Amino acid sequence: MMQRLRVAVETPQYAGLARALDYACPHHLPAGTLVRVPLGQRNIPGIVWAGAPDQEAAEARPLASLKPVAEVMQALPPLPPVWCDLVDFTARYYQRAVGEVALSVLPPELRKLDNAGLDKRLRLLAKRSGWAMPEPEGSLPPRRKSAKVQSSRPGPAEPAPPPPLPTLQPEQAQVLATLADAFEQAQPPCHLLHGVTGSGKTEVYLRAAQHALDLGRQALVLVPEINLTPQLEARFAERFPGRRLVSLHSGLTPAQRLANWLTAHLGHADLVLGTRLAVFCPLPRLGLIVVDEEHDPSYKQQDGARYSARDLAVYRAWLEKVPVVLGSATPSLESWQHAQTGRYKLLTMAQRVGQGELPKVRIVDMNLQPQPAPGQPAAPLSEPLLTAVRARVERGEQSLLFLNRRGFAPVLSCTACGWKSGCPHCSAWRVFHKLDRTLRCHHCSFTERVPKACPDCGNLDIQPVGRGTERLEEQVAELLQGLERPGGGAVRVARIDADTTRLKGALEQQLAAVHDGSVDVLIGTQMVTKGHDFRRVTLVAAVNPDSALFTADFRAPERLFATLMQAAGRAGRDAAAAASSEMWIQTWSPTHPLFTALRQHDFARFAASQLQEREMAALPPFSHLALLRCEARDAAVAEGFLRQARDMAQALLTEQAADGQVTFYAPVPPHVAKVAGLERRQMLIEASTRPGLQRLLAAWMPQLPALRGQHKGLARWAMDVDPLSI
DNA sequence: AGCACGCCGACT
DNA sequence: GTCGGCGTGCTC
C-alpha cells in the first residue's frame with residue numbers, strides 16, 4: 001500500500017517551492033531518512049520530513065499522481081528529530097526553502113552518493129577507525145572504547161599521558177562552578193563569557209568540554225575562521241588524548257568532510273570543532289556548545305541561507321537542553337544586551353592569567369604630525385611610531401602593523417585627466433597589486449594587467465592612490481633600511497594577508513617564521529589579529545583605522561572596537577614582556593570616544609555608550625531588521641520590484657492585528673551597487689518586535705514569487721533576516 | 001537552481 | 001536542411 005511521504009528537496013525559495021514536496025512510498029520511513037527522489041528530469045537527494053501534509057496539498061495531488069521515492073539510503077541512520085527541528089526553525093526564521101537549508105548543510109559528498117556507495121564508505125570508515133558497524137536494525141552505535149581502540153590502530157604512536165592541568169585562576173574556577181550547575185539543569189541558560197584577552201577562556205572551554213565528556217556526552221566547539229581550527233584542535237587533542245576529535249570546515253577535502261561528519265553523526269566523535277557550518281552537525285549525544293569569539297561577523301553566513309551560526313547555536317542548545325557558552329573579549333552588543341537584561345547569564349573574567357598587564361594604548365594624533373610636501377605621498381608611519389618600531393627592532397622584539405586593506409593601493413589614478421581604475425562590471429575601484437602588476441576587482445575578481453598609459457588620455461604617469469599592505473610592506477622596509485638587529489643583519493619585514501596565504505600551508509609556514517623569530521616587523525590584515533599567540537610581539541599598531549569610523553554602517557564602531565581590542569591582544573602574550581608592550585593607534589580623530597574607551601580597555605563603558613546610541617536611533621538590539629535584496633540587469637527593474645513588494649507588505653499589515661511597529665525604508669543601492677554586471681538594490685524593514693517582524697515575513701514572503709512575472713529581467717531576490725551590514 | 005521546450009541565425 | 005543561442009516556465 002502506497003503512502004504519502006513529505007520530502008525536503010533542494011528547491012529555491014523564490015521559485016515558490018519552499019515547503020517539502022509529496023512523494024509516494026510503499027512503506028513508512030522515519031523522518032530524517034536520506035532518500036533520492038525524482039524532481040522534473042532529475043534524480044536528487046532529499047530528506048524525509050515530519051508532519052502531516054496539509055489538507056489542500058493532499059486534495060490537489062492525489063496519492064496516485066505522486067512520483068515514487070527512487071531510493072532509500074538505508075546505510076545512513078536517519079538524521080535525528082532535533083536536527084530536523086533545527087533545520088525547520090532555520091528555514092522559517094531566515095525565510096528559505098526547508099530543503100535548501102537541509103541539503104546545503106550536509107557534506108556535499110553525501111549528496112552525490114547512492115546507497116551502495118554510502119554503504120561502502122561507511123564500511124571503509126568503520127574499518128579504518130576501528131569501530132564495529134552498527135546493526136542494520138537501527139540499534140545505537142556501540143560505545144566508544146576510547147584509548148584502547150585508538151592505540152590498536154596502525155599509525156600514530158601511543159597517545160602521550162595527559163599533561164598536568166594548569167592551575168585555575170579564581171575567576172576561572174568560579175565560571176566553571178556556574179557552568180557545572182548548568183549541566184544539572186533541565187533547561188540550562190545561555191552563558192556569555194566576557195573574558196579579556198589572556199584571561200584563559202580556552203582553559204574554560206577545555207574544562208567545560210571535560211565535564212561534558214565525563215557525562216558521556218559530545219561537545220561542539222565553534223570558531224569563526226578555518227585559520228583558527230588547527231591551533232584549537234591541537235590544544236584539544238593535547239588535553240584529550242584517546243578521545244576522538246574531528247574538525248568540520250570547508251577547507252577539508254570532500255572525503256574528509258564526509259568522514260568527519262559521519263563520525264560525529266554516528267556518535268563516535270567526542271569533540272567536534274568547526275566553523276559556522278558545524279552548528280548543523282548531527283550529534284546524538286550532544287552535551288555542550290561553545291561559540292568562541294561570538295562577536296565575530298564570520299558567524300553570519302553571507303550567501304544562500306543567511307543564518308547566524310551563533311544565534312542558531314543558542315537555539316540548538318535550547319532545543320537540546322544543553323549548556324551553551326558564548327565567549328568573547330568584546331561581545332556583540334546583542335549578546336551584551338541580553339546579558340544586561342538577564343536573558344543570558346554573564347560570566348566575567350577580568351584578570352589576565354599570570355597577572356600580565358594589558359598593553360598600554362598610545363594614540364597618535366595625525367593632525368599634529370608634519371604634513372608631507374605637496375604632491376608627496378604621506379609617510380605610512382608617524383615619527384613617534386616609527387621611532388618605537390625602530391627601538392623594538394634594535395631590542396630584538398617584534399612589531400605587528402595592522403592595515404585592513406590588501407593590495408598595493410586601493411585605486412590607480414591618472415595625474416593628467418583624473419581617470420581612475422574602476423571595474424567595468426562593478427561600481428568599485430580595482431585594486432592595484434604590484435607584485436604581478438594587475439588591477440583586480442575584489443568584488444567580481446575581474447583582473448587585468450596594469451595599463452602602460454592612461455586608457456582615457458594616454459598619459460604615462462598613472463599614480464597609486466592610498467595604501468594597502470603590499471605598499472606598506474615596501475615603504476616600511478625602506479624606512480627601516482640600514483637598521484642593525486642585535487644579531488646583526490638586515491631588518492626582516494614580512495606580510496601576511498589573503499594574497500600571501502593563498503597557497504595551502506602558506507599561512508602555517510609564515511606564522512612559523514614569525515614564531516621562530518625570523519621576522520622583525522609583521523604587516524597584516526585582519527587575518528593576523530585573530531587568535532594567534534605571538535609571544536615575541538611587544539608592539540601592535542593600527543596604521544589607518546579611521547576609515548571604519550566614518551562609514552554609514554551603524555555597526556562600524558562596534559566592529560572597529562572589537563578588531564582593535566583583538567589586535568591589542570596580540571601584544572605582550574608573553575607575561576615577561578607584557579609590562580613593556582604597547583598598542584599604537586594613528587588617527588585623525590584622537591578624541592573619539594571609541595579610542596578613549598580602548599585606552600582604558602573598558603568594554604563595558606564602550607558598550608553602554610553604543611547601546612544608548614542604538615536605543616535613541618531605534619537600531620538593533622532595540623529593533624529588529626530585515627533586508628530585502630534583489631538584483632537585475634536594470635536598476636529600475638530592481639527598484640520597481642522592491643516598491644511593489646513593499647506595497648504588498650503594507651497591505652498585509654493593515655489586515656494583521658498590530659504587533660508592534662513596522663517601518664519600511666525606500667529601496668536604495670547598497671555600498672557596492674553593481675557587481676558582475678548586475679544592479680543591486682535593497683530595502684530595509686525595521687520592526688519594533690521580533691515576533692512582529694517574523695509574522696510579517698511569514699505572510700509576505702510566499703507572495704513574492706507571484707511578482708516575478710511582472711518584472712522582466714529580475715535576476716533574483718533574497719531576504720536577509722538580522723542583516724549584519726545595511 | 002536545473003532542465004526542458006521553443007522559436008530564429010550560421011554551418012555540413 | 002540541422003546545430004544551438006538563451007527567453008520562459010515547471011518541478012511533488
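Letters go in sequence order (proteins before strands), and every chain restarts at 1. Keep in mind that this is a model prediction, so the values were computed, not measured.
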Pairwise side-chain contact, Asp296(A) with Arg559(A), heavy-atom cut-off 4.5 Å (strictly under): no
Identify whether any heavy atom of Leu17(A) sits under 4.0 Å from a base atom; if not, whether one sits that close to sugar-phosphate; answer base, sugar-phosphate or nothing. base
Lys67(A) NZ to dC10(C) P, in whole Å, measures 15 Å
Scanning both residues in full, the closest heavy-atom pair of Val87(A) with Val101(A) reads CG1-CG1, 3.8 Å
From CG of Leu5(A) across to C1' of dC12(C) the rounded distance in Å is 11 Å
Rounded to whole Å, the CD-C1' distance (Gln710(A) to dG9(C)) equals 16 Å
- Item | Electrostatic pair Lys300(A)-Asp720(A), nearest N-O below 4.0 angstrom | yes
Residues of residues 34-49 of chain A with a heavy atom under 4.0 Å from any atom of DNA chain B, listed by number, are Gln41(A), Arg42(A)
Tested for ring pair (Phe, Tyr, Trp, His ring centres under 6.0 Å) against Phe280(A), the lone hit among Trp83(A), Phe89(A), Tyr307(A) is Tyr307(A)
Would you please indicate yes or no on a ring centroid separation below 6.0 angstrom for His442(A) and His433(A)? yes
Looking at Lys530(A) and Glu225(A), is there a salt bridge between them, counting it only when a charged N and a carboxylate O are closer than 4.0 Å?
yes
